[in-house]
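All chains are named by letter (A, B, ...) in the order of the sequence lines, taking the proteins before the strands, and each is independently numbered beginning at 1. Keep in mind that this is a model prediction, so the values were computed, not measured.
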Amino acid sequence: MCAIRVGRFWYNPVMRTVLESAFFDRDPAVVARALLGMFVVRMVEGHEVSLMITETEAYAGAEDRASHARFGKTARTAPMFGPPSTTYVYFTYGMHHMLNVACQAEGMPSAVLIRGAGNIVGPARLTKALAVDRGLSGQPLGKEVGLWFEDRGVVVAAQDIQVTPRVGVEYAGACARRLWRFVVRTASARTKSAR
DNA sequence: GCAGTGATCATA
DNA sequence: ATGATCACTGCC
C-alpha cells in the first residue's frame with residue numbers, strides 16, 4: 001500500500017471521492033472548514049492538476065457586510081445565489097481572478113473562497129496556476145468544465161487549523177472580525193498575518 | 001511602501 | 001456617463 005505525502009499529511013491515492021453538491025449545501029463556514037485537506041482538481045492543457053486545499057474563507061449573504069452578495073443579486077454575483085457547487089469566479093484589481101464555490105440551497109447566497117492549495121499561497125496565484133477565469137463562473141463543478149473537488153482521505157485535525165478573520169475586508173465593520181478564514185498549519189504554507 | 005489594472009456598481 | 005472601490009500581487 002503506497003501512501004503519498006503532502007507536506008505533513010499522508011493520503012491513499014486509491015481513494016478519490018468527488019465532492020457532490022450535497023457537500024456544498026451547508027453553511028459556508030462549515031464548508032470552508034471541511035474543504036481543508038480536500039483536493040481541487042483542474043484539467044489544464046490535457047493534464048489533471050490536483051492540489052490539497054490549505055486556505056479558505058467563508059462568505060455569507062446580505063447580513064454579511066463583507067460578502068459580494070450584500071447588495072443583492074447582480075450579473076456578477078448571480079452564481080452566489082445559484083445551487084450549491086456552482087462556481088463563482090470574479091475579476092478584480094484589473095488583473096486577478098478569484099475562485100469561489102457557492103454554498104447552500106439555490107436562492108441562499110453564500111460561497112467559499114479558495115485562497116491556497118498545494119504550495120500555492122494566495123487566491124490570485126491559485127487561479128493563475130489552475131488557469132481559472134470568469135469563463136467558469138456560474139458553471140456547476142464537474143468533469144464537464146474540468147474543475148472539481150475530491151476527498152482523498154486526508155484528515156486535518158482541529159489543532160492543525162489556524163482560524164482568523166478574513167483578509168482584506170476591513171470595510172465590513174463588525175463582520176470583518178468574524179473568524180471565517182481557515183488555514184492549514186504547515187511548514188511550507190506559512191501565511192502572512194491578516195492585514 | 002505602493003503602482004498597476006479594468007470590471008463593477010452606486011450615483012446621476 | 002462618471003468615479004470610487006476593490007475578498008490582490010509584485011516590485012520598490
Side-chain angles (χ1 to χ4, degrees), chain A residues 24 26-36 38 40 42 44 49 51-104 108-139 141 147 149 161-186 188-195:
Chain A
F24 298 95
R26 293 184 283 171
D27 181 279
V30 171
V31 175
R33 159 66 182 87
L35 277 173
L36 298 181
M38 301 295 178
V40 55
R42 173 72 170 143
V44 19
V49 176
L51 301 169
M52 194 187 85
I53 296 167
T54 57
E55 181 179 349
T56 58
E57 279 177 359
Y59 288 88
E63 84 288 348
D64 178 7
R65 305 313 293 169
S67 172
H68 286 178
R70 67 191 182 279
F71 298 124
K73 192 184 203 174
T74 66
R76 178 180 64 148
T77 64
M80 287 188 73
F81 294 72
S85 92
T86 301
T87 63
Y88 168 46
V89 181
Y90 68 91
F91 184 66
T92 191
Y93 291 105
M95 56 189 101
H96 302 305
H97 295 275
M98 301 283 140
L99 171 62
N100 303 254
V101 182
C103 300
Q104 300 185 294
M108 296 181 67
S110 60
V112 171
L113 170 66
I114 312 300
R115 296 186 55 91
N119 291 325
I120 301 167
V121 178
R125 293 174 183 164
L126 183 66
T127 54
K128 185 178 177 190
L130 295 181
V132 164
D133 64 24
R134 279 171 297 174
L136 258 35
S137 199
Q139 306 276 354
L141 290 176
L147 177 68
F149 292 74
I161 297 174
Q162 185 181 10
V163 182
T164 80
R166 293 170 290 183
V167 173
V169 298
E170 284 73 15
Y171 58 82
C175 292
R177 270 162 273 157
R178 290 184 181 181
L179 299 175
W180 278 8
R181 173 169 174 255
F182 303 88
V183 189
V184 176
R185 300 177 200 270
T186 67
S188 61
R190 198 164 304 285
T191 58
K192 297 170 262 192
S193 57
R195 280 181 290 180

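Residue A/Phe71 is classed as a sugar-phosphate contact, given heavy-atom separations below 4.0 Å to backbone atoms only. Using a 4.0 Å heavy-atom criterion, one finds that A/Ala124 contacts the sugar-phosphate atoms exclusively. Contacts of A/Met98 with the nucleic acid, taken as non-hydrogen atoms under 4.0 Å apart, involve only primed sugar atoms and P, OP1 or OP2.
What separates CZ of A/Arg125 from C1' of C/dC11 is a distance of 12 Å, to the nearest Å. Atom CD of A/Glu57 and atom C1' of C/dC8 are 12 Å apart (whole Å). The distance from atom CZ of A/Arg181 to atom P of C/dC8 is 10 Å, rounded to the nearest whole Å. Taking atom CG of A/Leu99 as the reference point, atom P of C/dC8 lies 14 Å away to the nearest angstrom. At whole-Å resolution of the value, NE2 in A/His97 and P in C/dT9 are 13 Å apart. Remark: P of C/dA7 and CD of A/Glu55 are 16 Å apart, rounded to the nearest angstrom. Protein atom CZ of A/Arg65 is 15 Å distant from nucleotide atom C1' of C/dA7, rounded to whole Å. Taking atom CZ on A/Arg70 and atom P on C/dT5, their separation rounds to 12 Å, with Å as the unit.
Residue A/Arg115 has a polar side-chain atom (N or O) positioned under 4.0 Å from OP1 or OP2 of C/dC8. The phosphate of C/dA7 has OP1 or OP2 within less than 4.0 Å of a side-chain N or O from A/His68. Between A/Tyr93 and the phosphate of C/dA7, there is no side-chain N or O to OP1/OP2 separation shorter than 4.0 Å.
Remark on DNA chain B: of its neighbouring residues A/Arg76 and A/Met95, the 5'-side contact belongs to A/Met95, judged by nearest-heavy-atom nucleotide.
Each of A/Arg181, A/Glu57, A/Glu55 was compared with A/Thr164 under the side-chain hydrogen bond (donor to acceptor under 3.5 Å, both in side chains) criterion, and only A/Arg181 meets it. No option in A/Leu113, A/Thr54, A/Ile53, A/Ile120 other than A/Ile120 meets the side-chain contact (heavy atoms from CB on, under 4.5 Å) test with A/Leu126.
Rounded to the nearest 0.5 angstrom, A/Thr87 OG1 and A/Leu99 CG are separated by 7.5 Å. We find the CZ-OG distance between A/Arg76 and A/Ser137 to be 9.5 Å, quoted to the nearest 0.5 Å. The OG1 atom of A/Thr86 lies 11.5 Å from the CE atom of A/Met80; values are rounded to the nearest 0.5 Å.
When atom types are taken as modelled, the side chain of A/Thr127 and the backbone of A/His97 share a donor-acceptor pair closer than 3.5 angstrom.
Checking C/dA7 for Watson-Crick or G-U wobble geometry (two distances, each under 3.5 Å) identifies no partner in any strand.
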task: Given side-chain contact (heavy atoms from CB on, under 4.5 Å), test A/Leu136 with A/Arg42 step by step and report yes or no.
output: CA-CA 12 Å; A/Leu136 258 35; A/Arg42 173 72 170 143; 3.9 Å; yes
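Contact footprint of chain A on DNA chain B: nucleotides with an atom under 4.0 Å from a non-hydrogen protein atom, first to last in 5' to 3' order, B/dG4 to B/dA10.
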